[in-house]
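Report on one structure; see the data block that follows.
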Amino acid sequence: MEVDYIVVGGGSAGCVLAARLSEDPSVSVAVLEAGGANDGVLNRVPTGAAVHIVRRNAFNWAFSTVPQDGFGGRRGYQPRGRGLGGSSSINAMVYLRGQREDYDDWAAAGATGWGWTDVLPYFMKSENNERVGLGDSHGRGGPLNVTDLRSPHPFAAMFIEAAQQAGLPRNDDFAGETQEGVGWYQVTQKNGERWSVARAYLDPARGRANLSIETGAFATAILFDGRRAVGVRFVQGGQVRELHARREVLLAAGALQSPQLLMVSGVGPAVHLRELGITPLVDLPVGDNLQDHPDIIINRRVDNTDLLGLSAVGAWKLLREIGRWRRERRGMLTSNFAEAGAFVRTRPDLARPDLQLHFVIGMVDNHNRTYHWGHGMSCHSCPLRPKSRGTLRLASRATQDAPLIDPRFLSDEDDLDTLVRGFKLVRAIFAQPAFAPFDGANPARELYFQDVRTDDEIRAAIRAHADTIYHPVGTCRMGSDERAVVDPQLRVRGVAGLRVVDASVMPTLVSGNTNAPVVMIAERASDLIRGRTG
């Protein structure tokens, strides 16, 4: 079995690579995806995310971190999409690019060709934004459909009003000239359904004779001839198989599994590999530079059954909403939960926002992965550019064993200080007149923090309840220095015929949700591979 390009991973980046590379009928492309097709109704209905993201299942690897000192020894939760579309099939569908300074910082640090003016055309190429009247920095006609929520929730509108009452400016386009302010999130949906990257890119390419899509194909090793990657060993249907690449092997397994596959194949920190009996092929800092967005949620009970929750009335309304979604593709089942949000400068001396808020139309306790009886609302806050850095290491020589994920959350005190300011801001927003009819100023309505008042108490509460908001990046850092894992063309240093194309190559976190930036990276990588850009 031999093709020109092997794409390892059918997530967001892998779908883009497969679709773009197979546009050339003279080359052959194969995608190896460990999960399934992800084409059921739960992958189309937007609120299916509530089922996917909370527990390990066919759509979610549901990894855990090692015990985190910053969390008082608790293990953090690391959901990752499994199956075609990857995390775009289970995420909250929020479309964000980050801030232009994020990409200029990448370029200044050695990721040449990845500054804002370099990447903006690829954001636009990927995007089909349905909203009329946006500026010329948005795309029309791209595969990834971006739209406003079809049935925005009244409580999300209250949050926007309350945040303005608290002094935040209104922002109607977080991907526009400025990110700062409060407003509605746009989502990757189409006609009231989730528009995963698999639906956007891979489905239109399925009929191509030069594209093979292999699901249930779990990659176990990269095959090398000397220092050239020549193929992939994988397990499918209980059988060990090999697929060879005439041109390149493209790793797109994500920030946790791409570095894992590199290391079990001999590309990584030599000392660590030898400890596990792996002969190093190339000594590279694979797995270093792990970054993620730490996050704290304030959950509040609200006596209003229009909010998502568990109750007899809520169950009856859910049945009604299921019928509405089936008939109209409208209603509460089109919600992405995190309908509104804000980007805030938590200190006046800052030049740009350093905190993101996600307002959720339910008492969604996803850090504890617990469902609570009753109804309510929630608000996440997370530092946009955390300073803590962690590592990813192998637990064993087998890719079937989850890696050792250590983000070292809150190891830099500045991240904790930002979360404290975010905690106070969320309380201030809930205390505004817009939420007065729902007792917004009363901490007794909070799920966990009724008695938390002082800064020290807030710090302790954050350490006891914070977790990730699911944006791990950086473990195969892109750059021009000797400590970079991949060069600015995403080629793995020290070997040939091998690139990494996913969130692991980000030198630093972007200021916001990471799915749209991953799509952009894969779009630009496709041109790099085809020699269409420098």
Side-chain angles (χ1 to χ4, degrees), residues 64-78 159 162-163 165-168 290-302 341-350 353-360 363-370 372 376-390 406-432 435 439-471 509 511:
S64 296
T65 71
V66 301
Q68 296 292 289
D69 290 342
F71 291 169
R74 289 183 296 117
R75 292 179 183 270
Y77 179 48
Q78 294 277 304
F159 171 81
Q165 291 169 344
L168 275 63
L290 175 59
Q291 301 159 57
D292 200 352
H293 283 135
D295 177 80
I296 188 67
I297 311 171
I298 293 182
N299 294 282
R300 293 185 61 88
R301 295 188 181 278
V302 178
F343 292 88
V344 185
R345 287 178 294 138
T346 64
R347 300 197 323 260
D349 60 307
L350 295 174
D354 65 324
L355 186 86
Q356 181 180 5
L357 304 181
H358 292 82
F359 176 78
V360 179
M363 196 165 52
V364 181
D365 187 12
N366 47 320
H367 286 354
N368 292 296
R369 288 180 282 164
T370 301
H372 298 270
M377 59 187 181
S378 314
C379 191
H380 296 248
S381 60
C382 72
L384 286 170
R385 293 174 297 281
K387 296 180 180 178
S388 300
R389 297 290 184 272
D406 185 9
R408 298 186 69 235
F409 283 123
L410 308 185
S411 55
D412 191 298
E413 195 73 15
D414 186 70
D415 298 346
L416 182 59
D417 290 342
T418 305
L419 281 169
V420 170
R421 295 192 293 271
F423 188 99
K424 292 178 176 179
L425 174 62
V426 170
R427 275 189 166 172
I429 291 172
F430 282 150
Q432 296 303 313
F435 283 121
D439 207 12
N442 183 3
R445 304 291 290 178
E446 293 173 2
L447 200 58
Y448 295 112
F449 309 126
Q450 301 94 329
D451 300 320
V452 173
R453 297 290 186 277
T454 68
D455 282 7
D456 285 344
E457 289 171 342
I458 294 172
R459 286 188 173 87
I462 290 169
R463 290 192 183 278
H465 293 280
D467 206 338
T468 173
I469 202 166
Y470 321 139
H471 300 151
L509 260 169
S511 302

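Below, all heavy atoms of this structure are taken into account, side chains as well, without hydrogens, waters or symmetry copies.
- Heavy atoms only, all atoms of each residue included: F359 and F430 are closest at CE1-CE2, 3.9 Å.
- Evaluation of the side chain to side chain contact (heavy atoms under 4.5 Å, CB included) rule for R385 yields Q99, D102, R352, D354, S511 as partners, not counting sequence neighbours.
- Minimum heavy-atom separation, Q450 to A444: CG-O, 3.7 Å.
- The salt bridge (Lys or Arg N to Asp or Glu O under 4.0 Å) check on D69 picks up nothing, with sequence neighbours excluded.
- Under the 3.5 Å distance criterion, the side-chain polar atoms of R74 are matched with a main-chain donor or acceptor of F71.
- Evaluation of the side chain to side chain contact (heavy atoms under 4.5 Å, CB included) rule for P443 yields R427, E446, R453 as partners, not counting sequence neighbours.
- Listed here is the closest heavy atom pair of L410 and G70: CD1-O, 3.6 Å.
- Closest heavy-atom contact between L419 and P294: CD2-O, 4.1 Å.
- Considering only residues two or more places apart in sequence or on other chains, K424 meets the side-chain hydrogen bond (donor to acceptor under 3.5 Å, both in side chains) condition with D455.
- Remark: aromatic rings of H465 and F449 are close, center separation under 6.0 Å.
- At distances below 3.5 Å, not a single donor-acceptor pair connects side-chain atoms of D406 with backbone N or O atoms of G390.
- Scanning for side chain to side chain contact (heavy atoms under 4.5 Å, CB included) contacts around A431 gives A441, with sequence neighbours left out.
- When the side-chain hydrogen bond (donor to acceptor under 3.5 Å, both in side chains) test is applied to D451, no partner is found at least two apart in sequence or on another chain.
- Salt bridge annotation for D349-R347: present, with a cationic side-chain nitrogen under 4.0 angstrom from a carboxylate oxygen.
- Rounding to the nearest 0.5 angstrom, the gap separating the CG atom in L355 from the NE2 atom in H380 is 12.5 Å.
- Residues satisfying the side-chain hydrogen bond (donor to acceptor under 3.5 Å, both in side chains) criterion with D417, sequence neighbours excluded, are R459.
- Residues satisfying the salt bridge (Lys or Arg N to Asp or Glu O under 4.0 Å) test with R75, not counting sequence neighbours, are none.
- With Q68 contributing its side chain and F409 its backbone, the two residues share a donor-acceptor pair below 3.5 Å.
- For R389, there are no salt bridge (Lys or Arg N to Asp or Glu O under 4.0 Å) partners at least two apart in sequence or on another chain.
- Closest heavy-atom contact between S378 and I297: CB-CG2, 3.8 Å.
- Taking E413 as the reference, R463 meet the salt bridge (Lys or Arg N to Asp or Glu O under 4.0 Å) condition, with sequence neighbours excluded.
- A donor-acceptor pair under 3.5 Å is absent between the side-chain atoms of Q165 and the main chain of Q432, judged by distance alone.
- Checked against side-chain hydrogen bond (donor to acceptor under 3.5 Å, both in side chains), T65 has no partners two or more places apart in sequence or in another chain.
- Looking at D292, D415, D414 one by one, the single match for side chain to side chain donor-acceptor pair (under 3.5 Å) with S388 turns out to be D415.
- How far CG of L447 is from CZ of R301: 5.5 Å, rounded to the nearest 0.5 Å.
- Using a 4.5 Å heavy-atom cutoff, the side chains of L357 and S381 are in contact.
- The side chain to side chain contact (heavy atoms under 4.5 Å, CB included) test applied to A163 returns L168, V182, I429, not counting sequence neighbours.
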